[in-house]
Amino acid sequence: MTKAMPPRLTMIRDRIGIAKLSISVLLAAQVVLAGCRRDTSDQAGQSGRILHIASVEPTTLDPNKLTGGPARKIASNLFTGLTTLSGSGEVRPGCAAKWTHSEDRRFWTFELRPSLSWSDGVPVTAQSFVDSWKRATDPSTGNPNIEMFDVLVDAAEQRNARSATILRVRAETATRLTIHTTRPTPDLPRRLAGIWAAPVPLHTIKEYGSQWTKPKYIVTNGPYILDTYIPSVSMTFRRNTSSFQPSSIDRVMVRFTDNPVDAMRWFELGTIDWSDNLVPRDEIRTLRAKTQSPLKTTPYLGLTYIIPNISRTSIDLPLRRALNLATDRMRIIKHVLDGSQRPLSRPIPRSLLGSAPGPVFNPQLARRILGSSSTLRSRPLQLAFYNGGRNSEIAAFLQREWSEHLGLEITLQGMEWKSFLSSTATGEFDLAIFTLGGYDAADLLSVFSSESPNNRGGYRSGVVDRHLRAAKLATSDAEHQKLLAKVESELVEDVAVISLCQLTRHALVRNSLTGWRPNIEDHHPWDALRWAKN
């Protein structure tokens, strides 16, 4: 899936306002009390111990409407598709016990496990997947990940025509599903492990509408089910006894914060066991030096980049080129981030497409190009960003650099996650810092399609659209990659995105919690975790 996700970016301690610090102290006190109560029950053993996680609050738990890493991670523990991923990122059977494919890998048959059901006892069948995918590809649903279904024959064409969805996916029997893809798709089982392909309980959605994800209504088919939800504070989950996926941890509590300092304080107090991508930058060096350090660092196919709002005439091509050339990626990694990231001067890492290096830092050329801009800027340029952690530091760095090298006045606008998503979805920005996540070049490039709901910069290119459509229909991997390379070249020429770096992820994980394994998709299912025996 392509989705816009919040970068795990830390804040400098002395920038925390007094009011926010006061709130943090109160929350920490509440967590201490809760932690003390929890400790008395921990002695009950494996099943009695609650797993406590610190995370950014998800925007929704509806698989057909979610966006962002926090929502994807939590929902993946509630809903299970035909396939799923292990704790080490390997494909494993999900609702499907096995599958076969034709020699050209365009026709697939999935055999479901017998007696699958939702947590309320309603059966999950092959038709459940057909009907769920129809909802997911219906334009009226507003699915931000709708392009992920374009691998299915006719999905893209029907979506573009805004017509009713008739996918070439059939429920042959209650437990047999057949799929016909647009091109040879050897990675289809991995693709279908994404939360975007999970079924949804249509009987519950029909009865409760948009309220169906509330704790008193929600039903799931994954290893966990939502128990309570206090907005801006926490969610708790219990093990779904109807699930075929065994889990040794009965209960999970996710506490919400976007402040790594708070998350680390909770970890040090012993009131959380896992700080999910919320680690203060200035603590990483110290944490690395510790014996049996709780710090977990893993490479991740996530890209931090700047999206220019091309729909605004003031953000013209000379300006975009100048900004791109006046961005010192190495300094950002060395002085703002933690040094573990890789600089990225093109939209796609070279390891995926083998592209030539992109433009290098050249402020002198940037100034000459900016002089050719025909746009008169009567106001400062606005740089919007999710106001969590290192994002604010990256924004401040770019503000100084672009002022020094280009003489531009940049105003910074940090927002909480939901406001940031809403503001950028409606085009209320000049420039915005985003993180793009995915697992292959097609996934990463799909957001630049004119039809993509995640195309927040308003980029439109008939050439890019044509090559993306052709890539989906390619009959060989070589042709597929060649077409994607053409898409990337067009994006570079148009400066549709100003790439910054490829990310790593940092987490704090209690040493007594086993089963947490680094993987490129940053996927850590709760059912893969166990408490170490004393």
Side-chain angles (χ1 to χ4, degrees), residues 1-4 104-106 145 147-152 155-156 160 181-188 190-191 194 299-308 310 317 320-321 323-325 327 329 341-362 434-452 454-503 520-521:
M1 87 101 252
T2 307
K3 47 261 165 212
D104 65 358
R105 288 177 169 79
R106 293 187 67 183
N145 303 305
E147 70 269 14
M148 297 300 292
F149 287 91
D150 289 352
V151 72
L152 307 181
N160 294 339
T181 62
T182 59
R183 60 178 176 83
T185 315
D187 65 344
L188 185 64
R190 174 168 288 276
R191 285 179 173 272
Y300 174 65
L301 192 50
L303 316 176
T304 294
Y305 61 111
I306 301 163
I307 284 290
I310 296 175
L317 183 57
R320 301 197 301 271
R321 286 178 174 169
L323 292 172
N324 197 26
L325 288 167
T327 300
R329 294 155 178 85
Q341 298 77 14
R342 296 178 180 177
L344 192 67
S345 57
R346 298 181 68 93
I348 300 298
R350 297 182 64 194
S351 59
L352 291 184
L353 286 182
S355 307
V360 298
F361 178 58
N362 191 334
F434 269 97
T435 287
L436 173 67
Y439 65 88
D440 65 11
D443 194 19
L444 295 165
L445 290 171
S446 66
V447 298
F448 298 103
S449 163
S450 298
E451 290 294 323
S452 173
N454 288 317
N455 186 350
R456 305 202 172 207
Y459 177 73
R460 299 289 184 269
S461 168
V463 174
V464 165
D465 289 346
R466 184 167 64 252
H467 288 329
L468 284 174
R469 285 194 293 267
K472 292 167 186 171
L473 299 171
T475 57
S476 70
D477 285 340
E479 181 185 3
H480 182 64
Q481 292 293 96
K482 182 179 179 180
L483 288 164
L484 293 179
K486 289 183 177 180
V487 170
E488 189 198 34
S489 294
E490 198 72 16
L491 296 176
V492 170
E493 183 65 23
D494 293 340
V495 197
V497 57
I498 300 173
S499 304
L500 298 180
C501 62
Q502 183 177 348
L503 301 177
I520 198 168
E521 296 191 39

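This one's a predicted model, so the numbers in the text were calculated from it and none came from an experiment.
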Quick check: do N454 and R456 have side-chain heavy atoms less than 4.5 Å from each other? yes
Quick one: OG1 on T435 to CG on L500, what's the gap to the nearest 0.5 Å? 9.0 Å
Would you say the side chain of R106 lies within less than 4.5 Å of the side chain of T181, judging by non-hydrogen atoms? yes
Looking only at atom types and distance, does a side-chain atom of N324 sit under 3.5 Å from a main-chain N or O of I498, one as donor and one as acceptor? no
Report, one line per pair, each donor and acceptor closer than 3.5 Å where one atom sits in a side chain of residues 348-361; sequence neighbours left out.
| from | atom 1 | to | atom 2 | distance (Å) |
| --- | --- | --- | --- | --- |
| R350 | NE | S355 | O | 2.7 |
| S355 | OG | E488 | OE1 | 2.4 |

What's the spacing between L483 CG and R469 CZ if we round to 0.5 Å? 12.0 Å
Is a side-chain donor or acceptor of R329 paired with a backbone partner of S499 at a separation under 3.5 angstrom? yes
Evaluate side chain to side chain contact (heavy atoms under 4.5 Å, CB included) for I307 paired with V497, printing each intermediate quantity in order. CA-CA 5 Å; I307 284 290; V497 57; 4.2 Å; yes
Do S461 side-chain atoms and V464 backbone N/O form a donor-acceptor pair below 3.5 Å? yes
Taking it one step at a time, do L484 and L468 satisfy side chain to side chain contact (heavy atoms under 4.5 Å, CB included)? CA-CA 7 Å; L484 293 179; L468 284 174; 4.3 Å; yes
So Y305 and L344, do their side chains get closer than 4.5 Å, heavy atoms only? no
Straight-line distance of R466 CZ to S449 OG, nearest 0.5 Å: 13.0 Å
Would you compute the distance between atom CD1 of I310 and atom CG of N455 and round it to the nearest 0.5 angstrom? 8.0 Å
Any donor and acceptor pair, going by atom type alone, linking the side chain of D494 with main-chain N or O of A496 inside 3.5 Å? no
Charged N to carboxylate O under 4.0 angstrom, R190 versus E521? yes
Between CG on residue D465 and OG on residue S450, distance to nearest 0.5 Å: 3.5 Å
Report yes if some heavy atom in the side chain of D440 is under 4.5 Å from a heavy atom in the side chain of R191; otherwise report no. yes
Considering the options L317, L323, L325, which one meets the side-chain contact (heavy atoms from CB on, under 4.5 Å) requirement together with V495? L317
Keeping S446 on the side-chain end and D443 on the backbone end, is there a donor-acceptor pair under 3.5 Å? yes
Gap between atom CD of E493 and atom CG of L491 - 0.5 Å precision: 11.0 Å
If only atom types and distance count, is the side chain of S452 paired as donor or acceptor with the main-chain N or O of F448 below 3.5 Å? no
